[in-house]
Amino acid sequence: MTSPPGETRLPLTPGQHLLDFLESIRPGGAAAAFNISFRLTIDGPLDRNRLFGAIIQCVDRHEALRTAVVRGRGMAEQVIGSATEPEMTVTPTASRTWDEPEIEELLVEYNNAPFDLTRPPLVRVLLLENEPEKRRLLQVTVHHSVSDAWSLEVLKRDIGRCYRAAAGLESQPAPPEVPYRQIVVDELAALETPEADAARAFWPEYVGSLEILQIPGSVQPQEDQAITSRGDHRLAAPEIAAVRGLSGQLRATPFMVIAAAYGLTLGHLGGCDAYLMPTFSHGRRDPRFHQSVAMLFNPFMLEFRWSPEMSFADLVATFKQSCLKAYQFQWYPFIEVLEVCPELSVAMIDPNSALFPVQMLNVPKTQVGAALFGPDCVAADYALHRTSVGNVLPIDGLLTIKATQEAMAMTFNAAQRLWNDELAAAMCATIVDLCLDAAQHPGVPLRQLVGTVDRRFGSTLWSV
């Protein structure tokens with residue numbers, strides 16, 4: 001079939017194929033599950049027309065945003081088109097603060113509205129304006145089939161660059177080093193390499209007979225003022241120092257230490273001593289792809305094992321080795337693993353799947369403040385209270401962050417995604433307790449540490 005003028009037809013990449021596959025097996029489809037957004041507060045005399053012009057320029061700049069996902073001839077494929085003007089909505093508001101529940105409800109509703117994947121561009125913009133006070137909140141929503149969390153940072157940066165160029169503050173940005181269509185071709189070619197063959201041999205054996213831990217969704221922590229008063233995932237300075245000191249003793253990152261404590265907590269409460277943790281690779285093995293918008297994130301699995309006889313130091317060492325084995329094949333498209341291990345497919349989309357993001361590479365953050373839109377406007381990242389809304393698949397939206405404070409934020413988000421704020425706070429408080437106990441004595445037996453978990457949750461509380 002010949003493509004119309006201005007269109008380019010290509011197969012789906014492995015990452016897109018995975019999303020398409022998960023959507024096909026998820027009851028009711030995915031709807032809002034694959035919409036991802038970034039949000040910025042902007043204080044100062046922002047030029048709205050210049051901002052919208054910059055967004056249109058970015059859609060023209062990044063082919064992925066002009067790409068449709070269509071089904072025909074018994075298969076799905078992607079079509080790069082020429083449409084460049086996304087839906088852009090301006091909503092006046094008299095709100096003096098962006099923390100009001102009505103604001104969050106509006107952002108969530110707008111984020112979760114489904115896209116028609118056959119009608120690009122698969123991006124839309126919501127701008128809340130308090131014009132008298134020169135205060136705005138910008139939400140840019142993109143469909144996950146053509147973008148990922150790394151892409152959101154690229155798009156945020158490029159919108160700022162195009163805005164500043166239009167204001168005469170700098171020159172126009174150069175085109176991306178690698179066109180999106182070439183990224184697609186390269187991703188497909190990677191399936192025919194010796195590295196792919198090695199991964200095909202590795203993953204079925206690594207995954208073995210282990211399953212993803214499933215956690216009951218109706219759980220309540222023990223009443224404890226130390227839990228409920230905590231309220232969120234922030235750590236005090238002495239707690240951060242203790243976790244960093246412990247990670248230094250164990251020759252691991254603070255993130256790895258917190259991940260091990262989280263895994264122990266879930267394993268004990270779930271009554272399982274060996275299971276698989278879903279996680280992500282950012283998928284950009286080629287540095288030339290770092291400046292591109294594309295869906296390249298790739299999920300994979302990490303084996304987690306523990307026993308009461310192990311010490312916390314042993315737990316971290318064992319988990320670290322398990323991660324290092326998996327990381328060497330993190331680029332291999334996990335859709336092919338699911339094809340040989342189909343039972344994992346259902347577990348990955350179960351809302352009660354045990355979660356934790358464990359990777360080695362960070363998503364680089366775009367500089368905001370006065371650097372993004374120029375000296376007259378101050379921008380800041382804005383996070384919803386529930387950062388998982390709109391990404392209802394358990395594996396979606398979890399990023400790798402090494403730093404102690406950010407790792408706890410991811411822990412809070414993962415637990416909140418499974419349950420609620422109170423239980424998320426309880427989970428974080430438990431993990432802090434475990435790390436503080438282990439910081440005093442890294443050789444403490446896990447049999448002793450699980451007592452801390454039981455005191456928080458109750459020994460019989462974790463049951464369906």
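Starting from 1, each residue takes its place in the sequence as its number.
Annotation: salt bridge (Lys or Arg N to Asp or Glu O under 4.0 Å) contacts of Arg200 (sequence neighbours excluded): Asp197, Glu336. Applying the side chain to side chain donor-acceptor pair (under 3.5 Å) test to Gln78 and every residue at least two apart in sequence or in another chain returns Gln16, Tyr180. When the ring-ring contact (aromatic ring centres under 6.0 Å, His included) test is applied to Phe329, the partners found at least two apart in sequence or on another chain are Phe202.
In this structure a side-chain-to-backbone donor-acceptor pair under 3.5 Å is missing from Trp203 to Met301. No side-chain donor-acceptor contact under 3.5 Å links Tyr332 to the backbone of Ala198.
Between the CZ atom of Phe115 and the OG atom of Ser145 there is a distance of 9.0 Å, given to the nearest 0.5 Å. Rounding to the nearest 0.5 Å places CD of Glu100 at 11.5 Å from CG of Leu106. Interatomic distance, NE2 of His441 versus CZ of Phe312, reported as 12.5 Å (0.5 Å rounding). Here the CG-CG distance, from Leu107 to Leu137, works out to 5.5 Å after rounding to the nearest 0.5 Å.
Asp148 and Ser151 are linked by a side-chain donor-acceptor pair at a separation below 3.5 angstrom, with hydrogens and angles left out of the test. Using modelled atom types and a 3.5 Å distance limit, the side chains of Ser322 and Tyr206 yield a donor-acceptor pair. Thr452 and Asp433 share no side-chain donor-acceptor pair at under 3.5 Å.
Ring geometry for Tyr327 versus Phe300: interplanar angle over 60°, hence perpendicular rather than tilted (30 to 60°).
Thr93 has its side chain within reach of Trp98: a pair of non-hydrogen atoms, C-beta onward, lies under 4.5 Å apart. Inter-residue side-chain proximity for Ile103 and Asp99 is flagged as unmet; no heavy-atom pair is nearer than 4.5 Å. With contacts defined as side-chain heavy-atom distances shorter than 4.5 Å, the pair Leu12/Val69 qualifies. Residues Phe289 and Glu187 meet the side-chain proximity criterion, which asks for heavy atoms closer than 4.5 Å.
Salt-bridge annotation for Asp158 and Arg61: present, with a side-chain N of the basic residue lying under 4.0 Å from a carboxylate O of the acidic one. Ion pairing between a basic and an acidic side chain is recognised when a charged N comes within 4.0 Å of a carboxylate O; Glu205 and Lys325 show no such pairing. Note on Arg288 versus Asp186: salt bridge recorded, some NZ/NE/NH1/NH2 to OD/OE distance being below 4.0 Å. In summary, Arg136 and Asp43 do not engage in a salt bridge, as defined by a charged side-chain N under 4.0 Å from a carboxylate O.
Each of Thr41, Leu128, Leu126, Leu127 was compared with Leu138 under the side chain to side chain contact (heavy atoms under 4.5 Å, CB included) criterion, and only Leu127 meets it.
The two residues Leu434 and Ala261 have their closest heavy-atom pair at CD1-O, 3.7 Å.
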